[in-house]
Peer 1: 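I'd like to ask some things about the structure below.
Naming convention: chains lettered A, B, ... in sequence-line order (proteins, then strands); numbering from 1 in each chain. Please read these numbers as outputs of a predicted model, since none were measured by experiment.
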Amino acid sequence: MSNFPFLSVLTVAPLVGALVVALLPRRRPDLAKQVAFGWSLLVLVLSVVMWIAFQVDGDRFQFRESYPWIPNWGVHFTFAADGIALVMLMLIAVLVPLVILASWHDAESSKRSVPVYFALLLVLECTMIGVFAAADVFLFYVFFEVMLVPMYFLIGSYGGHQRQYAAVKFFLYSLVGGLFMLAAVIGLWVVGGKTFDWQALSQVDISTGTERWLFLGFFVAFAIKAPFFPFHTWLPDAGGAAPAGAAALLVGVLDKVGTFGILRYCLPLFPDAAKWFAPWALALALIGIIYAALLAVGQNDLKRLVSYTSIAHFGFIGVGIFAFTTQAGTGAVLYMVNHGLATGLLFLVVGMLIARRGSALISDFGGAGKLVPVLAGVLFFAGLASLALPGTAPFVSEFLVLIGAFTVNKPVAVIATLGIILAAAYVLWMVQRTTQGTLNPALTEIDGMRRDLNLREKVVIAPLVALIVVLGFYPKPVTDVINPAVQATMDDIGRTDPAPSVVTTVQEAGR
Amino acid sequence: MSELKLPSIDYAALAPILIMLGAALVGVLVEAFVPRHRRHVVQLSLALLAVLAALTMVVLNSDDRLITAGSAIAVDGPTLFLQGGILVLAAMALLLIGERAVERGGAFVAHAAITAESAEDRRQADGAGGTTEVYPLVTFAIGGMLIFVAANDLLTMFIALEVFSLPLYLLCALARRRRLLSQEAALKYFMLGAYASAFFLFGVALIYGFTSGIPGRSAGVDFATINAAVNESPASRVLLFAGMALLAIGLLFKAAAAPFHVWTPDVYQGAPTPVTGFMAACTKVAAFGALLRVFHVAFASASWDFTPVLGIVAVLTMLVGAVLAVTQTDIKRLLAYSSIANAGYLLVGVLAPSKDGLSGTMFYLVAYGFSVLAAFAVVTLVRDGDGEATHLSRWAGLGRRSPFFASVFTFILLAFAGIPLTSGFTSKFAVFGPALAEGRAWLVVAGVLTSMVLAFPYLRVVVMMWLSEPGESTPTVAVPGGLTAAALMIGVVATLVLGVAPAPLLDLATGAAEFVR
């Protein structure tokens, strides 16, 4: 079974589905939705089979496939997945069907073709899977850039207020990052002896100066994608303007390409430069945590608020990555998954609220819990998951990141912990202003606000809530997969975990 | 002086050139003897057949590596590759030029003095048709370009330059709509082109002087002699540098590199759109073909001297093209500035003195030609009652009116922006890779930075077409006739194929990337 070409099939399947959906007649939107949903379920089933076939204690990279593409430049269609990529692929496979289901009526309000909307979602799934499955730097770059195109049209054609501005800003920011990376990719190709194979490149010795420049090229692209402070300004605009489903994918998965890229490319390929730049990266991450959280507190637009919370969370992931310990690294990867679930849920729920109210402004709500109690409850739960309440999945990852960072760099861990307090502030205040308190009389006049969750929406929410709770109490299946891959990454950069701190204290006391 | 000897001439190797020039002469006779209403069909078929025949000869000659006609013509890998490229692109351009279904009467005027919508003009629209002198002119220009990329001495190169430039000046003046703009463009192009030619000729003279006095060799302007002179000439290096600079001015003018680019936007805007496409694709191939040969063969040993200067020109070209493209409001001018920026990227390839650099540049030339011709093919289709609607504001909401053509144009713009899976990306990689390998990191960085700037105007057009609401004045897209549709499809398919599977053409370019000296 493990000889089955999982990764290439997984990459191509959504693309085929997208073609099928795009060719369906425009007059039959329901058929397009059903086909798209069915297709994404198929991808999910295949991903589950792949998850089962993955051997936890096997090789670092599994399901490797390689076909020649452009022999003149040594480019191959090489796919391979380690534990980190595997969990991200699983996250995509879970999120896309839910997003399709949640966006059932989104495209209808925009006067534009409904089949095209769902086709774009499937194209996006293809490129997202490709970017995590690629083990050839050129192939990775191709998916990294092409990914922009469907997202651009999702935001620009189907988005809300200020969608043009947001779409262009998103595209230009990402393209600028991508072009920096292109220069670095070409540079890597030249110093690596004209090959793009990840495994070959990770063995190459690069002179210190070149290594730092190449690291910077990749890092800028990933920092814009993730996004880290100060490259973050596109995300609130894009997240605020995108339709809720697309925004869930944008923040839940697309942005993880940045942090994933740092883990997969920046650290193993340029280990010395990574260590040299680590203090700077940590500083950016910390600024991001505090600054974005403060901005989130001040937002009056629900989707922008969620976008800012994400920037803060990406700060935590950054701390986890650049702390260079296995715990923190595992925590960061786990955070990527949990953040995808929690923020994805938050975006979808917020989208449901906005669709009912017809406005994304917090000040237009107030006491909504009295009208739609179940929806308000889910919003509260998603908010708590987002602020990493113990018992929800994000707590595990945040905790791992913090203790992992604490063992090597106490000030960083202490400052990052402040972010938790701010998280409580922005989440609870947002929940209070939208669903609690006295009922805003304007709400009672809107028909939509009298309808609580319907069956479709419950089906969207239930799996995410279940996953967040289950992984909050029993993250072992995921951490088991992640751990060896993170360990291998730490070996690549030559860092070992410090000995348990109790022992050190005793030794120090003895001196 | 010993007696003059006739040089031996390999007619088979020269066949593509002879076929094109012969066909042009036959075209002139056709003008004289074939009845007016038949001329269009006869001329178009003649020109296309000639291009096909020449292309066949290029393919048959593909293993030739020789210098013939004394030392005037070199038929080698780059010559054949570029000649093939010019011929394929010229065939596409001819399809656009021959189109008469989009606009009754065609895009070309019957006499230079006719104004739009006058009685004469209506007669043309009613069936008399535009001039058919267009075809011999284009055929002459193609013939000149074929010589230009094969020329192995500076005098032949100069004559080829004139042979393909003069018809282009005329062609620019033949637009049926916006006559004044068209004539102004032609005059501007002619005046500046004449200056550039004069610079070139003066450069030839200085180089001739520089080559005199080498022991055991007579003075000359063939590339082998120049190459020898660069290494051994006792003459002052000032002659060499001044000569190189003047030659470079002449060539960079044709290549539309800054600061010799000022004609480009005006001429691109004023010329009939099919001719603009022809110039953007084929002239670029020819000009860079000559640049490659001059700087890689004749002045190869002086590369330390010219690289910094040409490098600055390249950076300037990329900057000017990218920055000024941002401010454009006319689609033809926008494409003109984008073509200037692309000339800069091509110069990066020229400055990578390796086999990979040469093959990458040649790949870029052909790939870019396909995309740019497809882009201008779309421009010919977007029109209203007054002809082509080239102002960008008029393109608002085009995606709603004609989703198919808007998609095609979006794809081409993404290719220009260098998004992967289009030829724009692979060709950028093909020139930047070798440049970086040769240690020209600063050029690559400049290229990458300007690409970022350049993405903005392209994206703005995409936004216009898709995200803006169609206005009252949004033009419709004409149903293309068979010829335009064919050219458009070839261009778009080539842009996609060269982006997804560039290996065959790259192999071809790599196999061809060696000059005979």
Peer 1: Counting C-beta onward and ignoring hydrogens, is there a side-chain heavy-atom pair between B:D356 and A:K194 closer than 4.5 Å?
Peer 2: yes
Peer 1: Short question: side chain of A:W73, backbone of B:G433 - any donor-acceptor pair under 3.5 Å?
Peer 2: no
Peer 1: Nearest 0.5 angstrom please: A:Q164 CD to B:M464 CE, how far?
Peer 2: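 CE of B:M464 is found 9.0 Å from CD of A:Q164.
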Peer 1: So for A:W69, is it side chain, backbone, both, or neither that comes closer than 4.5 Å to the heavy atoms of chain B?
Peer 2: both
Peer 1: Mark yes when over 12 heavy atoms from residues, nucleotides or ligands other than B:E514 sit less than 6.0 Å from its CD; otherwise mark no.
Peer 2: no
Peer 1: Taking every heavy-atom pair that is under 4.5 Å apart, which of A:V190, A:V146, A:I186 has the most such pairs with chain B?
Peer 2: A:I186
Peer 1: Can B:T410 and A:F153 be said to form a side-chain contact (heavy atoms from CB on, under 4.5 Å), step by step?
Peer 2: CA-CA 11 Å; B:T410 305; A:F153 283 105; 4.0 Å; yes
Peer 1: Is any side-chain heavy atom of A:W213 less than 4.5 Å from a side-chain heavy atom of B:V445?
Peer 2: no
Peer 1: Less than 4.5 Å apart, side chain to side chain, heavy atoms only: is that true for B:F425 and A:Y141?
Peer 2: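 Touching, per the 4.5 Å side-chain cut-off.
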Peer 1: Evaluate the ring planes of B:F429 and A:F196, with Trp represented by its six-membered ring, and classify them as parallel (under 30°), tilted (30 to 60°) or perpendicular (over 60°).
Peer 2: tilted
Peer 1: Look at B:A417, B:A430, B:A435, B:G418 and state which one has the largest set of heavy-atom pairs under 4.5 Å with chain A.
Peer 2: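 Top count of heavy-atom pairs under 4.5 Å with chain A: B:A430.
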Peer 1: Under 4.5 Å from any heavy atom of chain B, what part of A:F144 do you find: side chain, backbone, both or neither?
Peer 2: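 For A:F144, there is no contact with chain B at all, as no heavy atom is under 4.5 Å.
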Peer 1: Pick one of side chain, backbone, both or neither for A:V149, based on which atoms fall under 4.5 Å of a heavy atom in chain B.
Peer 2: side chain
Peer 1: Do you know which of A:I70, A:V142, A:N72 has the most heavy-atom pairs with chain B at a distance under 4.5 angstrom?
Peer 2: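 It is A:N72.
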Peer 1: Let's test your reading of the structure: which of B:V453, B:T426, B:T510 forms the most heavy-atom pairs below 4.5 Å with chain A?
Peer 2: B:T426
Peer 1: If you define the side chain from C-beta out and look only at heavy atoms, does anything of B:V463 sit under 4.5 Å from A:F171?
Peer 2: no
Peer 1: Identify which of A:P71, A:A183, A:G156 forms the greatest number of heavy-atom pairs closer than 4.5 Å to chain B.
Peer 2: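 Greatest number of close heavy-atom pairs with chain B: A:G156.
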Peer 1: B:L436, B:V448, B:L506: which one forms the most heavy-atom pairs within less than 4.5 Å of chain A?
Peer 2: B:L506
Peer 1: Under 4.5 Å heavy-atom distance to chain B, tell me which part of A:L182 shows up: side chain, backbone, both or neither.
Peer 2: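 For A:L182, the contact with chain B is made by the side chain alone.
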Peer 1: Quick one: pull up CZ in B:F432 and CH2 in A:W189 and give me the separation to the nearest 0.5 Å.
Peer 2: 13.0 Å
Peer 1: Indicate yes or no: at least one non-hydrogen side-chain atom of B:M452 is less than 4.5 angstrom from one of A:F180.
Peer 2: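 In contact.
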Peer 1: Check whether any side-chain heavy atom of A:L175 lies under 4.5 Å from a side-chain heavy atom of B:I419, and answer yes or no.
Peer 2: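 Of all side-chain heavy-atom pairs linking B:I419 with A:L175, at least one is under 4.5 Å.
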